[in-house]
Structure formats: structure tokens, C-alpha cells
Novice: 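Dropping a structure here in C-alpha cells format, bear with me for questions.
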Amino acid sequence: MKYINVAEANCKNCYKCLKVCPVKSIKYSDNHVEVLENECILCGRCIRNCPQHAKSLLHDISGLKEAVREGAHKKIAALAPSYIAAFGAENRFRVAGALQSLGFDAVEETSVGAHAVTREYAAILERGAMDIMITTCCPSVVFLVQKYFPELTPQLAPVLSPMEAHGQLLRKKYGEEALIIFFAPCISKIEEARASEKGYIDGVVTFNQLSRWLAEDGAEIEKSAEGYFGNDPSSSAIYPIFEGIVKDVRANLSEDSDALRKYTFLSAQGAKDVIELLEEMREGRIHSCFIEASACYGSCINGPEKPDSEYHPISTAIDMTRYLRAERNIRETETSSLDLSRRIMPEPLKEKMPDEKTIRGILAQIGKTKPEHELNCGSCGYRSCRDKAIAVYQKKAELYMCLPYMSQISETLANVTLSVSPDYIIAVDRELRVKECNLAAQRLLKLTKNELLGRRIDEFLDPLDFAVAIGEERSVPLHKVSCGERGITVNQTVVYIPEQGLAIAFLHDITKQERETEALNRLKMETMEMAQNVIDKQMTVAQEIASLLGETTAETKVTLTKLKDLIVYDGQKNNG
């Protein structure tokens, strides 16, 4: 079943979930994250460690809530011992009262189930029936062995978990028809109850879900009336503390027990440490050991679904230990009639594995052509470059997830861009000191990069636009700037980068165009002057021609008049 939901809108592809996932059951594809449910061991670390809260528990308890409100049969709340760490020893009876206010007929501590398991572990050790015995209280550890170390499945204790042992006891006490709901800080307990062949537990509610359930009903544990428990706490309430199981089992062995001499008692916390232990077991390096194994650092008191996200395993363990020492009502319940046997079968994953040639080919695509190129830095979330290459082959990862490779590509592209750009590019900080510059800028200023870095920009260029960009925290738009001392003219843009507090200037040299434009303007002016001279001369000629034409016309008029009179009057007019 799917228990972990991913909100794509929140996911920022930071790979944090992959880095903390002990079995890498996370798939990245097309900027989409998916939890591979068949590979997941439900440790909940991806939920707890996601900085964007993109992952959440997908577990509907509405049916259980309805059954508690409306059910006709007895409703029993079974509390994992870690409830003391989750809600505080001072609120112990208020937790019982809050659950009873929700509709539960009885509230019981599962520490009695833990004590039954302890006695069964001790009996197996006394018989010397197993060379190595791994505790099976943590379902995530059981899933880890079944899926990833299937050959070690016989080393898992063939014993019910405290949850199921308590469930069996509650069935005997309240009847087979009773509704039994287990409350815990685990996600894996949900799947353990669902997949169990025994069916002692009807459902699991996490402590986080309990807190929300109470809030929906307008209740608060701190303000609830005190209730009561249907049983007394057991000394095995120490189970959820790191090394608690080992201490409890040793306390239930007689001082002269052969088991104390034969077995070494170990505790492993956190899936990473458990995996390392299992790897050594697979290599045959470990024998004659009783191993307490928990997928959570700090064990169950630090479960992924405890009400707060703080990590205080030491102080919390101290508080819980002090509570147990101070508890005066510890009485062990008779559990000898319980059948605690359990059958655990291997469930190996079936994944296609690439051959060496394929692995080398994938690595070569990201520039890792030699073993020394494999940094194994873990930035992608995988333990080694080879593991990541295998994940790429299995379509669970993508090539771009290699941070050193992408950084190298980015740096190379940036360097190439800066090197070949004909524009002058200069970056200054808040103190107007040069932080970066390209080759073109170095040639312009006739200084090397080392000679430029750290010096103030006003030693080389007009600092006005830089100062405006830094002072007003804004970009200065494109405009023409004359660098007289450099003999150039540029189109200059200054871009302000608020995250780094940098002002980056892009200066495009337009000196040649400006000179060509100036030459063209001079040519135009000279042409205009020449045209004006021609016009002036033409006007003068026209005026002279007009003057000559005027005189000639007058003389012609006189001559023609005389000729006309001569013809008309035949010369008589003047004579008469």
C-alpha cells in the first residue's frame, strides 16, 4: 500500500529525502519525486527530514474514528510505551482520559505485551536455539531484512512484536469482537497490523494523528480530565529507549544463565547502523549475538510520527528512565498462555542489475571515465557513483543529479561565455570593489584579473552607475557612457543581484560606430555647406542675368518703338 504522499508543488528537488533514505527507495524523474512503495521500509525519515514538508503520511483513519463513535462492541486503545516520551510522564493519566473522551471503553499499556516478548526472547536464548537473534519489535527492521537481506531472515526472532502480543492478550480479555486500536509513533506499525496473519490489531493511529483527532474534538491532553488504565505498567516499558530491550532481556535471565556467557548483547539504532551490522552478518563476521535493532535513532522515543519534530533522544531517554524508576505500580501481567510464535518469510526485491560495461558507460556520460573520477561525495544521495549509475540504469535516478559534474559543466559554460564575450563584464560588491571580470575587461583596463580583484572600480571607470545600483538596490538601464580617459564609448547596463549584493556591468563597445556616425555627420555638414555655396552662386548669376536682361529689354523696347513709328507714319510723325 502507499503510505507516503509527495506534494509536487512543494518539492524542490533538494535530494534531502534520498540522502536520508537508508534503502534509496526514492525515484527522481522529470523533476518529479516518487516513493517506491514496494522498496520502502516505512522508516519515515523522508517525511521527517523534508525541509519543504512535501511528504506526508497517507493513512485515512476516518473509518476507525467512526467505529469508535458508533461501534457497538468494546473499543480498546492500546498505547505503545513511547507515549510517555511523546506526551510527558506528567500527562500519563490525562492521555488515558483524553482517549476515553473520544469514546474508548478502556485504555491499556502495551508494555505488558513487551514483557511477554522479553520472556520469549529469554527462553530462546536459554535454549541456545539460535546463533544470532535479531529482535522483531521494529517492523522497519523486519522489512529491511526481508527485502534487502533475505538470506538473513532466519536470524530474525520468530516472535510476535509487543503490539501483536498485547493484541492477543486484549482479545482474550475483552473478547474477539472488541475493536482494538494501537497508538504509536511509527508508520511501519500500520503496515505490520494490516499484513499480519494473526489479525489481533484492527487499526493503527499514530501519535500525530491522535493529536489532530483530539484537536478536531476540541480536546487537549494537558487540559483533559485524568482517566484510568485497564492494566498496570510493566518494567518492559523501557523498550522504546535505545538499549532498553537488551537491558530488559538481560534482567530476565538468571545470573548463572549460560546465555549470559554465550551471547554478546548488542544494540543498533538507526537504519544506517543496522544496515552496516547486517552487511557484516552477511559476510559471516558476527556470531553468538543477541541484537536489539531499531530503524530510528534513539529508538522508538524518536519515531517519525511523534507529536513534535525535535530530536532529543538523550534527555527524553533520561526522563523516561526516571519515570520508570519512580513508578510504584509496576506489576507483571500473566502472559504464559499466549502463543507468541511468528513466521517471517523473505521477500527479496527483484531488480535488474546492469553489467560492468553498462555501469562504465553510464559513468562516462557524466565525465567519469576513470575510477579516480568517482568522487563518491554523496551529494546525489547515493553512497557511491556506481550506486547512482545503477539507479540511473533502473530508471530511479537521472544523470543531472551529479552535483560535481553539473558544477563543472556550469563553471565551464560560464568561463567560456565570459572568455569569448566581446563585451566588458565587471562585477563589484557593496564596497564597489571588483569581484569578477572577464578577459575583455582585463584587456580594456590593461590589467590581469589578479591585479583587478579587490580594487575599487573608481580607479578605472566612472563609478556612478555602480554606486546607484548598489545604493538603491536596483538595476541601471541601458544608456550611453563615454569613457574619455579610455578613449571609448559604450552602451552600459548595470544589473543588481540582491542575493549576492553584487552590481554587474555589461559594457558594449560602440566606439567604432560612434566614430563612423561622427564622420558621416561631418560629411553631411560639408555637403550642406557646398550645396549652400552653389545655391548662393546660382542666385548671384541669376540676379546678374536678370539685370542684363532688364537693360537689353529697355533698349529693345525703344528701338522697336521707333521702328513701328517709322512704318506707320512713314517718318511723317516726327516731321509734322
Novice: Is there side-chain contact between Ile181 and Ile76, with heavy atoms separated by less than 4.5 Å?
Specialist: no
Novice: Hey, could you give me the CD1/CG distance between Ile132 and Leu277, rounded to the nearest 0.5 Å?
Specialist: 8.5 Å
Novice: What I'd like to find out is whether the side chain of Glu279 reaches to under 4.5 Å of the side chain of Phe149, using heavy atoms alone.
Specialist: yes
Novice: Within a strict 4.5 Å, meaning less than it, do heavy atoms of the Tyr174 and Ile180 side chains meet?
Specialist: no
Novice: Output the distance between atom CG (Leu18) and atom NZ (Lys388), rounded to the nearest 0.5 Å.
Specialist: 10.0 Å
Novice: Are the side chains of Val159 and Ile124 in contact, using a 4.5 Å heavy-atom criterion?
Specialist: yes
Novice: Does Arg92 pair with Glu109 as a salt bridge, N-O distance under 4.0 Å?
Specialist: yes
Novice: Go through the steps for Tyr297 and Phe242 under the test ring pair (Phe, Tyr, Trp, His ring centres under 6.0 Å), then give the verdict.
Specialist: CA-CA 8 Å; Tyr297 290 100; Phe242 176 56; 9.5 Å; no
Novice: Working note: Gln146 + Thr153, criterion side chain to side chain donor-acceptor pair (under 3.5 Å); need CA distance, chi angles, decisive distance, verdict.
Specialist: CA-CA 6 Å; Gln146 287 178 300; Thr153 303; over 6 Å; no
Novice: Return yes when atom CZ of Arg261 has more than 12 non-hydrogen atoms of other residues, nucleotides or ligands closer than 6.0 Å, and no otherwise.
Specialist: yes
Novice: Are any non-hydrogen side-chain atoms of Glu126 and Lys262 less than 4.5 angstrom apart?
Specialist: no
Novice: Is the side chain of Ser196 donor-acceptor paired with the backbone N or O of Lys198 at a distance under 3.5 Å, no angle test?
Specialist: yes
Novice: Say whether, by atom type as modelled, one donor and one acceptor occur between the side chain of Arg45 and the main chain of Val20 under 3.5 angstrom.
Specialist: yes
Novice: Assess whether a salt bridge exists between Glu39 and Lys147, defined as any Lys/Arg side-chain N lying under 4.0 Å from an Asp/Glu carboxylate O.
Specialist: no
Novice: Within this structure, what is the NE2-CE distance for the pair His59 and Met1, rounded to the nearest 0.5 Å?
Specialist: 8.5 Å
Novice: For atom CD of Glu216, is the number of surrounding heavy atoms from other residues, nucleotides or ligands below 6.0 Å larger than 12?
Specialist: yes
Novice: Does the pair Lys396/Glu351 count as a salt bridge with the N-to-O cut at 4.0 Å?
Specialist: yes
Novice: Can you confirm if the NZ or CZ of Arg250 lies within 45° of the ring axis of Phe290 and under 6.0 Å from the centre of its six-membered ring?
Specialist: no
Novice: Got more than 12 heavy atoms from elsewhere within 6.0 Å of CZ, Arg212?
Specialist: yes
Novice: Where the side chain of Tyr239 meets the backbone of Thr118, is there a donor-acceptor pair that is under 3.5 Å apart?
Specialist: yes
Novice: Considering residues, nucleotides and ligands other than Lys173, do more than 12 of their heavy atoms fall under 6.0 Å from its NZ?
Specialist: yes
Novice: For Glu176, is there any backbone N or O sitting under 3.5 Å from a side-chain donor or acceptor partner on Arg171?
Specialist: yes
Novice: With side chain to side chain contact (heavy atoms under 4.5 Å, CB included) as the criterion, how do Glu356 and Arg386 come out once you've worked through the C-alpha distance, each side chain's angles and the decisive distance to 0.1 Å?
Specialist: CA-CA 10 Å; Glu356 183 64 22; Arg386 289 178 63 83; 2.9 Å; yes
Novice: Might you confirm whether atom NZ of Lys395 has over 12 heavy atoms from other residues, nucleotides or ligands at distances under 6.0 Å?
Specialist: no
Novice: Indicate whether any N or O donor in one side chain lies under 3.5 Å from an N or O acceptor in the other, for Thr358 and Asp355.
Specialist: yes
Novice: Can you check ring pair (Phe, Tyr, Trp, His ring centres under 6.0 Å) on Phe183 and Phe87, steps first, answer last?
Specialist: CA-CA 12 Å; Phe183 293 84; Phe87 301 109; 9.3 Å; no
Novice: Between Arg94 and Glu220, does any side-chain N to carboxylate O distance fall below 4.0 Å?
Specialist: no
Novice: Taking all non-hydrogen atoms of both residues into account, name the closest pair between Glu374 and Cys385 and its distance.
Specialist: CA-SG, 3.7 Å
Novice: At what distance, to the nearest 0.5 angstrom, does NZ of Lys75 lie from CG of Leu179?
Specialist: 8.0 Å
Novice: Looking at every heavy atom in both Lys27 and Leu36, which two are closest together, and how far apart are they?
Specialist: CB-CD2, 3.9 Å
Novice: Run through Ile4, Ile187, Asn208, Asn5 and flag the one making a side-chain contact (heavy atoms from CB on, under 4.5 Å) with Leu57.
Specialist: Ile187
Novice: Counting distance only, does the side-chain N/O of Ser111 pair as donor-acceptor with the main-chain N or O of Pro81 below 3.5 Å?
Specialist: no
Novice: Decide yes or no on side chain to side chain contact (heavy atoms under 4.5 Å, CB included) for Phe265 and Leu253, but give the supporting numbers first.
Specialist: CA-CA 12 Å; Phe265 292 77; Leu253 291 168; 3.8 Å; yes
Novice: Under a 3.5 Å distance rule, please check whether Gln209 uses its side chain to pair with a backbone N or O of Thr206 as donor and acceptor.
Specialist: yes
Novice: Under the criterion side chain to side chain contact (heavy atoms under 4.5 Å, CB included), I'd like the reasoning laid out for Ile41 against Ser25: C-alpha separation, chi angles, the key distance, then a yes or no.
Specialist: CA-CA 8 Å; Ile41 62 172; Ser25 59; over 6 Å; no
Novice: Taking side chain as C-beta onward, heavy atoms only, is Leu278 less than 4.5 Å from Leu144?
Specialist: yes
Novice: Could you tell me if the ring centre of Phe143 sits under 6.0 Å from that of Tyr148?
Specialist: no
Novice: Taking side-chain hydrogen bond (donor to acceptor under 3.5 Å, both in side chains) as the definition, give me every residue that meets it alongside Ser161, ordered by chain and number, with sequence neighbours left out.
Specialist: Glu192
Novice: Is the shortest heavy-atom distance from the side chain of Lys55 to the side chain of Val33 under 4.5 Å?
Specialist: yes
Novice: Any donor and acceptor pair, going by atom type alone, linking the side chain of Ser140 with main-chain N or O of Leu42 inside 3.5 Å?
Specialist: yes
Novice: Would you sort out whether Asp256 and Ser254 count as a side chain to side chain donor-acceptor pair (under 3.5 Å), showing the intermediate values?
Specialist: CA-CA 5 Å; Asp256 59 349; Ser254 59; 3.0 Å; yes
Novice: Got a sec: does the NZ of Lys19 have more than 12 other heavy atoms crowding it under 6.0 Å?
Specialist: yes
Novice: Flag the pair Arg343 and Glu197 as a salt bridge only when some basic side-chain nitrogen lies within less than 4.0 angstrom of an acidic carboxylate oxygen.
Specialist: yes
Novice: For the residue pair Phe207 and Tyr83, is the inter-centroid distance of their aromatic rings smaller than 6.0 Å?
Specialist: no
Novice: Given side chain to side chain contact (heavy atoms under 4.5 Å, CB included), test Lys74 with Glu177 step by step and report yes or no.
Specialist: CA-CA 8 Å; Lys74 290 278 187 180; Glu177 299 301 320; over 6 Å; no
Novice: Is the shortest heavy-atom distance from the side chain of Ile390 to the side chain of Met353 under 4.5 Å?
Specialist: yes
Novice: Has Lys24 got a side-chain atom pairing as donor or acceptor with Cys21's backbone, closer than 3.5 angstrom?
Specialist: yes
Novice: Please find the pair of heavy atoms, one from Gly113 and one from Ala165, that lie closest to each other, and give the distance.
Specialist: O-CB, 3.8 Å
Novice: Donor-acceptor pair, Glu292 side chain versus Glu243 backbone, under 3.5 Å?
Specialist: yes
Novice: Of the non-hydrogen atoms in Thr110 and Ala80, which two are nearest, and what is the gap between them?
Specialist: OG1-N, 4.0 Å
Novice: Run Tyr3 and Glu37 through side chain to side chain donor-acceptor pair (under 3.5 Å) and show every step you take.
Specialist: CA-CA 8 Å; Tyr3 291 110; Glu37 56 194 81; over 6 Å; no
Novice: Which heavy atom in Ile61 sits nearest to a heavy atom in Val204, and how many Å separate them?
Specialist: CG2-O, 4.2 Å
Novice: Under 3.5 Å, side chain of Glu332 to main-chain N/O of Ser234, donor-acceptor pair present?
Specialist: no
Novice: Do you know which two heavy atoms are closest between Cys289 and Leu266, and how far apart they sit?
Specialist: SG-CD1, 4.0 Å
